[in-house]
Each structure stands twice: as structure tokens, then as C-alpha cells.
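FYI, the numbering just counts along the sequence from 1. Ligands are counted one by one from 1 in listed order, and the atoms in each one are counted from 1 as well.
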Amino acid sequence: MEGRPSVEIGVRQSTGGNVMEFTPTAEQQIDRSKQNPGSLGNTDEGLKYDIGREAHDFSCIYSKDLLPAEDGKEATKHFFQELLNILLAYISKSVKHSSKILDFHHPHQFKDGLEGFNLELPDQPDNLEQLLVDCRDTLKYGVKTGHPRYFNQLSTGLDVIGLAGEWLTSTANTNMFTYEIAPVFILMEEVILKKMHKIIGWTEKDGDGIFCPGGTTSNLYSVLLARFYYFPAVKTHGMSAIPRLALFTSAHSHYSIKKSAAVLGIGSDNVIVVKCDERGKMVPSELNSSIDAAKSKGLVPFYVNATAGTTVYGSFDPLNEIADICEQHGLWMHVDAAWGGGLLLSNKHRVKMQAIERADSVTWNPHKMMCVPLQCSAILVKRKGLLQECNQLCAEYLFQPDKQYDVSYDTGDKSIQCGRHVDVFKLWLMWKAKGSEGFEAQVNHCLENAEYLYYKLKRRTDFEFVFTGKPEHSNVCFWYLPQRVQNMPLGPERDRELHMVAPKIKEKMMEEGSTMIGYQPLGDKVNFFRCVFSNPATQRQDVDFLVEEIARLGCEL
Ligand code: ABU
């Protein structure tokens with residue numbers, strides 16, 4: 001295999017001191033001469049980058065030779081330059097419309113040591129050449145989620161500034177629990193959270209929050225906070241000290257609400273699922289009657305989750321009406337805007353979240369619609385101080401009250417974690433690079449792509465929409481109908497056949513690696529495709545390609 005050392009590493013001999021010398025075997029020297037050191041990432045025609053001026057041979061160099069080793073600076077530089085070559089080649093290929101999105105292999109193929117790509121861990125150290133080959137292979141066999149024809153997930157794209165932010169974050173390698181060890185990042189988090197509060201429409205005096213690992217965790221925080229707000233005794237006395245609670249969420253909402261109830265000991269059965277209309281929006285009158293019904297059964301309602309941008313349909317619940325109901329019953333209103341939050345940055349689209357400022361808490365994932373590298377999710381809370389009160393346990397080895405600075409900046413006790421990754425810097429850097437206007441343009445572009453797809457499919461007889469009307473978000477949900485299915489009368493038999501179409505097309509597109517789009521059943525709807533746009537690199541030509549590719553792969557089914 002190109003660039004892959006195919007023989008065992010040479011004998012490592014002790015020189016008596018700390019430094020180990022490497023003596024390559026004769027076989028290795030021959031093998032190495034076949035290699036092309038300095039070009040491990042340049043395997044694709046037209047993708048030549050040479051960050052380093054000269055090619056380097058890494059086959060005798062080991063991690064111990066890099067910094068912090070004395071005189072390790074040059075070797076470290078050359079290693080990084082070569083790694084950068086690999087990353088640049090990958091990024092260039094990722095954004096090239098015609099390149100493959102993936103080179104699919106089954107788990108057993110990887111485990112069998114696919115083309116020499118060995119996932120097992122050695123007892124003896126591998127040399128840096130092997131490590132660079134491993135880095136290249138890791139990317140080679142992965143999925144190019146930044147590809148303009150990757151429509152599979154809500155988090156897509158590859159923002160170079162965001163990536164630079166992630167690199168810097170790892171270089172700093174610090175922890176968000178105290179100002180003491182993350183002063184700049186803590187202040188950046190404060191700046192970003194304030195900006196998000198303002199965009200939501202909360203007043204200056206309102207607003208708190210924290211970045212956490214993904215929307216599910218953010219939603220978990222919202223349930224945790226609501227429960228603590230109404231029943232503070234739960235923190236110390238547990239569930240036996242409080243009544244049997246009920247919370248409400250729509251049939252189209254994210255499963256994390258049920259998961260939160262399960263994790264927090266409330267019980268997933270005590271999550272009341274509220275009916276939606278045919279567009280996947282919560283029906284307010286159903287919410288009201290569900291609350292009354294729960295009360296009459298002796299349950300104590302305390303929390304409603306409204307979704308702004310459902311996972312599959314991209315629907316927006318009617319926030320104003322839900323806020324009225326929450327106010328009337330004295331319930332916590334959470335808005336899960338993990339997916340929809342980005343639309344708040346668009347003057348054209350933020351109207352879909354009118355009344356979001358009435359929420360007690362909001363989940364917003366910049367790693368979705370704002371294309372920030374995974375992961376970047378915020379739980380935003382209207383009441384200042386509640387996060388701290390709910391979660392603080394005052395560990396003395398971290399949160400000493402007698403430090404020389406304002407210890408309110410030791411934000412770690414707001415969190416349910418101890419160690420917390422720095423998720424904020426890449427977002428801060430991207431915001432600096434684009435400005436709010438840049439994000440707005442990005443969001444608008446994604447929704448324009450969705451509208452383009454919608455009108456394109458509307459003109460075709462071999463596609464059918466799952467729900468009528470223009471999409472509200474960038475989700476477009478549809479079935480592809482092979483001629484055979486088009487000819488069938490509506491009914492269970494046709495549904496059975498149609499149910500198998502999307503998985504078969506998906507299998508073929510993954511085998512070919514040409515594009516990726518998700519499918520799922522939902523309620524009484526059999527398997528359908530969900531196309532989502534969050535990658536600013538996607539152009540109309542990619543939308544055209546997707547449609548033609550689905551028809552090409554599916555027409556004979
Ligand atoms: N947190 C929901 C993400 C699911 C998706 O990307 O489709």
C-alpha cells in the first residue's frame with residue numbers, strides 16, 4: 001500500500017543513556033526507499049501541498065524525539081508540517097464536489113486489518129512515519145462530513161477558522177472549571193453567552209448559561225433546573241421529598257427529553273407526549289388538555305419543552321401560545337432550539353421563533369446551523385444564579401473562596417461535570433471572522449438551498465413530500481417513488497414496498513460513496529428521506545446531484 005511501511009520496525013538499542021538509537025533493518029531500508037517521505041498527504045492528483053520545504057524521513061523518529069525532548073523543536077516542526085500536508089489534502093478533497101464522501105467498509109473489514117490499517121495497539125512504539133500513515137488512513141476511511149454533498153446529519157461542514165480554533169483549544173489543553181487556569185476562555189464564554197442572551201431577547205439583567213457536551217446534555221440541564229427551581233429540596237433529599245412530577249413535550253421532539261426524565265429519576269413514563277399537527281408542530285390545545293389530565297391523575301406538572309426546529313421535519317412549535325399556557329399553569333418553559341437556534345441570527349427567519357424570549361431556558365447548538373466544529377452547545381438560562389445554586393458543591397480543592405481574583409469567574413460549579421472542555425473558543429473565533437452578518441448569510445444560504453430542493457422536487461412525479469407546504473427550516477422530507485411503486489394503488493402493500501426503497505438507495509449510495517442523506521420512519525409514515533442543509537459549502541449543483549443520484553440508484557427498485 002502506498003506510503004505504508006510493510007515490515008516490522010527496526011531494533012531499538014539502548015545507548016546506555018536516555019537517548020535510544022534506531023537501527024533500521026536492511027529490509028526496512030529497502031522498504032523506506034519505496035516510500036515518498038514528505039508527501040504522505042499528497043496522494044490525490046491535483047492536491048499537492050508542501051508546507052515543509054524539504055521532504056523528511058520519519059521512519060527513525062519516535063514520539064520521544066519530539067518536544068519536550070531537548071532539541072526536539074525541529075523534529076516537532078517537521079512532524080507538524082507533514083501532518084498539515086495530510087490535513088490540507090483531506091480538507092481540499094472534502095470540499096471538492098466530485099470527490100467521494102466515503103470509502104465504506106464493514107466493521108469486520110477494519111478488524112481484519114484492512115489494507116494494512118491496523119487498529120490494534122503495539123507494545124513497542126511505532127515510528128512517526130507509521131503514525132503519519134495512520135493519521136492519513138484514519139481520515140481516508142472516515143466520512144467527509146464537510147463534503148458539500150453530505151446531507152446526513154444536522155451537524156455538517158468544515159469551517160477552517162473553527163478548525164483553527166479547535167487546534168488552538170487543544171494546544172492550550174486547559175479546563176473550564178476555574179478562571180485560575182482558563183482566564184481568557186472563561187471571559188470569552190461570558191461574552192458569547194451575553195451575545196446569545198441578547199439575540200434571544202432577554203434583558204441585560206437576565207441571562208446565565210454554560211457550554212456543555214451537546215444538545216442532550218443542554219436539555220438535561222433544563223429539566224434539572226426546572227425541577228430544582230420548583231422543588232429545591234430534591235438536591236439534598238432526593239425524589240422521595242417531592243411529589244410525582246410530569247413534564248410535557250411534543251411527539252416530534254427530541255428523545256433527550258425522555259432521556260432526561262429517565263436520568264433524573266423522574267421516569268420516562270412521566271413525560272407526557274403532546275400531539276402535533278401534520279406539520280409536526282405541538283398543538284397548544286392538546287398541551288393544555290394534557291396538563292389538565294395529568295393534574296387530575298395526581299401528577300404535578302412542572303415543565304414544558306417546546307421545540308424550535310424539530311429533528312426530522314424542522315418544525316417550530318408555536319412558542320407564544322405555549323408560553324401563555326406555561327404562564328397560566330405556572331410551568332417552566334424550555335425551548336429546545338438546538339437545531340433552530342442559528343435562525344435567530346437571520347432577520348428573515350428569526351420570526352419563526354417569535355416569543356422565544358418568554359422561555360425560562362433555551363438550548364442552542366452552534367455546532368449545527370452555525371457550522372461550528374463539534375461540539376458546541378449552550379444551555380441558556382433566564383434566571384441568573386440558578387445554575388450555580390442548583391449544581392454547586394463547593395469542592396475545596398478547586399473553588400477556594402479566598403483567591404486573589406473575583407471568584408464568581410470560577411464557573412465550574414455551575415456545571416454537573418467537573419472537567420469541562422473549552423468549546424467556546426472556536427465559536428468566538430468564527431464570530432470574529434464572520435461577524436453576525438456572516439452567520440446570517442450562512443443561515444440564509446442553507447435555507448435557500450432547502451427551498452431550491454423543495455421547488456425542484458415539486459416539479460417531479462417520482463418524488464413525493466412527506467408533508468405539504470414549504471419547509472420552515474432546512475429540512476426537506478420526501479419519498480422517492482420508483483416507477484413500480486408509482487403504479488401501485490395507495491394502501492398497505494404500497495407502503496410496505498415504499499418502506500424498503502430509502503434503505504436500499506442509502507445502501508447503494510454508501511457503497512458508491514457519492515453522497516449521504518438520512519432516512520427514517522416517523523409515526524405512521526414509512527421510511528422517507530430527510531435532507532438537511534447546514535453546510536455553507538453546498539451549492540445548487542449539489543442539490544441537483546442529490547436528486548439525480550437518488551433517481552439513478554432507485555429507478556430500478
Ligand atoms: N441531536 C440530533 C441530531 C440528529 C441528526 O443529526 O440527525
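When ring centroids are compared, Tyr141 and Phe117 come within the 6.0 Å threshold.
Ring orientation note: the planes of Tyr519 and Phe529 are nearly perpendicular, at an angle over 60° on the 30°/60° scale. The aromatic rings of Phe104 and His106 sit perpendicular to each other, their planes meeting at more than 60°, with 30° as the lower class boundary. Using a 30° and 60° split on the angle between ring planes, Phe439 and Trp431 fall in the perpendicular class, above 60°.
Atom 2 (C) of ligand 1 has as its closest protein heavy atom His254 NE2, 3.4 Å. The single protein non-hydrogen atom nearest to atom 4 (C) of ligand 1 is Thr311 CG2, 3.9 Å, given as residue, atom name and distance. Atom 6 (O) of ligand 1 has its closest protein heavy atom at Leu154 N, 2.9 Å.
Looking at Arg530 against ligand 1, only its side chain comes within 4.0 Å, counting heavy atoms. With a 4.0 Å cut-off on non-hydrogen atoms, Lys368 touches ligand 1 through its side chain and not its backbone.
When only interatomic distances are considered, the shortest N/O to N/O separation between Gln153 and ligand 1 falls below 3.5 Å.
Seen from the ring of Phe302, Arg227 does not count as a face-on cation partner, given the 6.0 Å and 45° thresholds.
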